[in-house]
Asker: 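Starting off with a structure, shown below.
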Amino acid sequence: MKLDRSFYDRPTLKVASDLIGKVLVRRLDGRNLAGRIVETEAYIGPLDLASHASKGKTPRTSVMFGPPGVSYVYMIYGVYFCLNAVTESEGNPAAVLIRAVEPLENIRVMRTLRYNPLRDTNIASGPGKLCMAMSIDKSLNAVDLESRKLWIEDRSLQVDAIETSPRIGVDYAGEYKDKPWRFYERSNPHVSRVRPNRNEFRT
DNA sequence: GCAATGATGCACT
DNA sequence: GTGCATCATTGCG
């Protein structure tokens, strides 16, 4: 069943970890493209220097300041899109970035949208990749996550242990860059970095 | 198996 | 004009 607004209207770190194991569904041309969420990141509020919302309310980020349970889609590096779910109450800008899913339904369609990668683990193992695999672009920005085009549902799927790490690609965020606000399912090969903690074992 | 790099649009200064 | 919540490819070894 679809997650409703009350799910997202909670502390962002909780929403981010609870989203692991939920199912992201994109309805496209009469078919449901579905994937089990295996990796997320929390952007917890205006004080979080890694969050787009830390720069204040702008046309791009305004959706983060709105009600929870709404999509926030933005373009990155001029090439890719990233999908977030807005969290927390209206006026409190925060969101969870959906970073990777494990393809579940209509995998063949998703594979084609990704130009036929060799392995399943390369279909949606990253925020840009999953948007490509599910045909998510700017036209799906600011849509309700209970809409008919895009939603997240709870299928009571079993989840392995959830691990955390610093968020990816936020080295500019000062004291916030090392906050362990990335969540992923242990040993799941669809996570964007299969050995996310490898740096810990280096000098 | 890495690290380095280019692609590319657009929001914001 | 700057820089980005990324990815695929290259070139190395």
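The chains referred to below are lettered A, B, ... by the order of the sequence lines, with proteins before strands, and numbering in each begins at 1.
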Asker: Between N or O atoms, less than 3.5 Å apart, protein on one side and nucleotides 6-10 of chain C on the other: list the pairs.
Answerer:
residue: C/dT6; atom: OP1; partner: A/R99; partner atom: NH1; Å: 3.3
residue: C/dT6; atom: O3'; partner: A/G128; partner atom: N; Å: 3.4
residue: C/dC7; atom: OP1; partner: A/P127; partner atom: N; Å: 3.3
residue: C/dC7; atom: OP1; partner: A/G128; partner atom: N; Å: 2.9
residue: C/dC7; atom: OP1; partner: A/K129; partner atom: N; Å: 3.0
residue: C/dC7; atom: O4'; partner: A/Y80; partner atom: OH; Å: 3.1
residue: C/dA8; atom: OP1; partner: A/R114; partner atom: NH1; Å: 2.7
residue: C/dA8; atom: OP1; partner: A/R114; partner atom: NH2; Å: 2.7

Asker: If only side-chain N and O atoms count, and only distance matters, is there a donor-acceptor pair under 3.5 Å linking A/R31 with A/N106?
Answerer: no

Asker: Tell me if the centroids of the rings in A/H52 and A/Y74 come within less than 6.0 Å of each other.
Answerer: yes

Asker: If you measure from the Lys or Arg side-chain nitrogens to the Asp or Glu carboxylate oxygens, is any gap between A/R186 and A/E163 under 4.0 Å?
Answerer: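 The answer is yes: the pair qualifies as a salt bridge.
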
Asker: Kindly write out the residues that satisfy side chain to side chain contact (heavy atoms under 4.5 Å, CB included) with A/D29, not counting sequence neighbours, or none if the list is empty.
Answerer: none

Asker: When the distance from OH of A/Y43 to C1' of C/dC4 is rounded to whole Å, what number comes out?
Answerer: 12 Å

Asker: Does A/L104 belong to the same Ile/Leu/Val/Met/Phe/Trp/Tyr cluster as A/L113, with side-chain heavy atoms less than 4.5 Å apart forming each link?
Answerer: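 No, because A/L104 and A/L113 fall into different hydrophobic clusters, even though each may have its own neighbours under 4.5 Å.
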
Asker: Between C/dA5 atom P and A/K179 atom NZ, what is the distance in whole Å?
Answerer: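 Going from NZ in A/K179 over to P in C/dA5 covers 19 Å.
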
Asker: In a table with atom names and distances, give each donor-acceptor pair under 3.5 Å that connects a side chain of residues 13-23 of chain A to protein atoms at least two apart or in another chain.
Answerer:
residue: A/S17; atom: OG; partner: A/L13; partner atom: O; Å: 3.3
residue: A/S17; atom: OG; partner: A/K14; partner atom: O; Å: 3.2
residue: A/D18; atom: OD2; partner: A/R10; partner atom: NH1; Å: 3.0
residue: A/D18; atom: OD2; partner: A/R10; partner atom: NH2; Å: 2.9
residue: A/K22; atom: NZ; partner: A/D18; partner atom: O; Å: 2.9

Asker: Could I get the full list of side chain to side chain contact (heavy atoms under 4.5 Å, CB included) partners for A/M132, not counting sequence neighbours?
Answerer: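 So A/M132 forms a side chain to side chain contact (heavy atoms under 4.5 Å, CB included) with A/Y80, A/R114.
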
Asker: Roughly how many Å is it from CD1 in A/I44 to P in C/dA5, rounded to a whole number?
Answerer: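 Rounded to the whole Å, the gap is 17 Å.
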
Asker: Using Watson-Crick and G-U wobble pairs with both distances under 3.5 Å, what is the 5'-to-3' dot-bracket string of DNA chain C, with [ ] for crossing pairs and | for pairs outside the strand?
Answerer: ||||.|||||||.

Asker: Output the rounded distance in Å from CZ (A/R167) to C1' (C/dC4).
Answerer: 15 Å

Asker: Under 4.0 Å between any heavy atoms, over every strand shown, what does A/R60 touch: base, sugar-phosphate, or nothing? Just pick one.
Answerer: sugar-phosphate

Asker: Please say yes or no: joined through hydrophobic side-chain contacts below 4.5 Å, possibly via intermediate residues, are A/Y184 and A/I98 part of one cluster?
Answerer: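 No, A/Y184 and A/I98 fall in different hydrophobic clusters.
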
Asker: Over how many whole Å does the gap from A/D48 atom CG to C/dA5 atom C1' extend?
Answerer: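 Taking CG of A/D48 and C1' of C/dA5, I get 10 Å after rounding.
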
Asker: By side chain to side chain donor-acceptor pair (under 3.5 Å), which residues pair with A/R99, not counting sequence neighbours?
Answerer: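 Residues passing side chain to side chain donor-acceptor pair (under 3.5 Å) with A/R99: A/E39, A/S192.
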
Asker: In whole angstroms, how far is the C1' atom of C/dA5 from the CZ atom of A/F183?
Answerer: 15 Å

Asker: Grab the CE-C1' distance between A/M75 and B/dA11 for me, whole Å please.
Answerer: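 It is 12 Å, rounded to the nearest whole Å.
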
